[in-house]
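Keep in mind that what you see is a predicted model, and the values were worked out from it rather than measured.
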Amino acid sequence: MSAQTTQLAGAPRGASGQQDAPRERRAAHLVDAARDRRVELLLGAVAVSVVALIGLILATVLINGWPSFAANGLSWFAPGGDIVTQFRAMQTGIPLPGHPLLYFRAWPLIWGTLLSTAGAVAIALVVSTLAAIFLTEFAPGPVRRVLAPVVRLLAGVPSVIYGLVGILAIVPWVNENLISNGRRQSVAYVVQLNGANLSTAILILTVMILPIMVALTANALASVPVSWREGSAALGVNRWRTIWRVSLRAARPAIAAGTVLATARALGEAVMLAMLSGGRPFEANPLDGFTFLFEPIETLAAGILQEFGGETNTPIGHTAYAMGALLLFSAAMLSFASWAVKQRLRRYGVGS
């Protein structure tokens with residue numbers, strides 16, 4: 001009787017436990033769903049905030065830079081006059097004769113930016129590709145294990161350190177050993193030559209952007225399937241041709257991405273170039289021959305750093321914002337070019 005009573009008494013509790021289990025699972029599922037929903041909303045808010053911040057930056061730069069573009073039109077991009085004199089007129093509030101206060105001709109700064117960026121990226125592209133091939137294909141294991149972290153470390157060195165090394169070591173050496181008195185006299189009526197010039201700026205800028213290009217290219221080459229290279233070797237293709245036709249072809253999207261990142265960094269570099277480029281908005285002339293490499297330049301980013309003193313609603317403030325707008329537009333065009341390159345590579349069966 002006692003056993004039957006215990007069995008009867010236990011049956012309802014077992015049935016109740018079986019009924020409570022689905023409720024507990026449903027409750028746990030609802031809690032997990034609510035937690036996932038909160039995380040989703042939080043991540044969405046962060047993403048929207050980032051996009052809104054970028055939009056706010058773009059709007060601020062364009063709105064404040066528009067008066068300079070409006071006052072000069074397309075002539076804003078043209079040569080004409082001395083930029084230093086134009087900046088001084090804006091700072092003093094006294095316009096140049098026959099011109100509005102916002103009169104500005106940015107071509108010398110644009111030309112300096114193009115020269116330094118194109119020269120550095122072209123050299124870095126060749127050197128980084130060869131260095132990445134050495135790291136992934138020819139370097140012994142111990143050498144690779146040492147060089148790989150060193151390259152990543154160099155990519156994080158602040159630009160002011162490169163500028164400091166350049167101004168203390170490279171600039172004096174160039175001034176004393178590569179610029180002769182005859183070369184100085186040949187252009188003395190136009191510009192003064194010293195160690196801070198186009199060649200020095202390109203050299204240090206190349207060293208700055210090289211690590212990130214080497215790292216991206218080396219990682220891409222290392223990720224190429226071994227079977228692809230072994231298949232090429234099995235067909236009788238030599239090692240260099242395999243690297244060129246198989247490995248580099250597969251790594252082209254990463255090389256393109258590294259080139260875009262390096263170009264964007266070169267375009268926006270200000271501190272180092274302000275220290276090493278000569279700091280003068282001079283149109284370095286290729287017709288001057290070898291002397292062309294030793295002529296001073298100034299870039300858009302360096303010009304903003306040197307001339308803009310924090311004044312927003314002033315002529316020089318509007319001009320600085322206009323220069324920043326041009327840099328932002330250039331960065332946007334770089335991103336579009338990178339996307340276009342990837343689309344073209346996909347047509348040839350190369351993934352991104």
- prompt: Do the rings of Y103 and H99 sit parallel, tilted or perpendicular, given the 30° and 60° boundaries?
  reply: parallel
field: Ring geometry between F77 and F69 (parallel below 30°, tilted from 30 to 60°, perpendicular above 60°)
entry: parallel
According to a hydrophobic-cluster definition based on side-chain heavy atoms being under 4.5 Å apart (Ile, Leu, Val, Met, Phe, Trp, Tyr only), do [X] and [Y] belong together?
X	Y	value
I243	V246	no
F290	I123	yes
L109	F329	no
I316	L305	yes
V191	F292	yes

Pair V187-F282, side-chain contact (heavy atoms from CB on, under 4.5 Å): steps then yes or no: CA-CA 12 Å; V187 293; F282 176 75; over 6 Å; no
Counting only N and O atoms by type, is there a donor-acceptor contact under 3.5 Å from the side chain of [X] to the main-chain atoms of [Y]?
X	Y	value
R152	A215	no
Q86	R105	yes
W111	A284	yes
T113	L300	yes
N64	T60	yes
N72	L102	yes
T200	L276	no
E295	N285	yes
R144	L135	yes
S180	R183	yes

Just wondering, do [Y] and [X] contact through their side chains at under 4.5 Å, heavy atoms?
X	Y	value
W240	E137	no
I304	L327	yes
V174	L203	no
P296	L193	yes
L221	L248	yes
L293	N197	no
V165	V207	no
V121	R265	no

How close do [X] and [Y] get, heavy atom to heavy atom, and via which atoms?
X	Y	result
L210	A124	CD1-O, 3.5 Å
G166	I204	CA-CD1, 4.4 Å
L267	S330	CD1-CB, 3.9 Å
G268	A301	O-CB, 3.7 Å
A45	S49	O-OG, 2.7 Å
A325	L62	CB-CD2, 4.0 Å

Mind checking the [atom1]-[atom2] spacing from [X] to [Y]? Nearest 0.5 Å is all I need.
X	Y	atom1	atom2	answer
S186	D288	OG	CG	7.5 Å
M323	W76	CE	CH2	6.5 Å
S68	Y321	OG	OH	13.5 Å
T299	I110	OG1	CD1	11.5 Å
L96	I94	CG	CD1	10.0 Å
I83	E283	CD1	CD	8.0 Å

- request: Apply side-chain contact (heavy atoms from CB on, under 4.5 Å) to M213 and T206, showing your working.
  value: CA-CA 10 Å; M213 298 180 71; T206 301; over 6 Å; no
message: Could you go through T314 and M90, starting from their C-alpha distance and side-chain angles, then the distance that decides it, and tell me whether this counts as side-chain contact (heavy atoms from CB on, under 4.5 Å)?
response: CA-CA 8 Å; T314 60; M90 296 179 198; over 6 Å; no
query: Among T259, I255, L125, whose side-chain contact (heavy atoms from CB on, under 4.5 Å) with T217 holds?
result: I255
statement: Which of V157, V271, I170 passes side-chain contact (heavy atoms from CB on, under 4.5 Å) with Y162? It is V157
- request: Begin from the C-alpha positions of S116 and I297 and carry the test side-chain contact (heavy atoms from CB on, under 4.5 Å) through to its verdict.
  value: CA-CA 9 Å; S116 60; I297 61 168; 4.1 Å; yes
- prompt: Is atom CG of L74 surrounded by more than 12 heavy atoms (other residues, nucleotides or ligands) closer than 6.0 Å?
  reply: no
query: Considering residues, nucleotides and ligands other than R241, do more than 12 of their heavy atoms fall under 6.0 Å from its CZ?
result: no
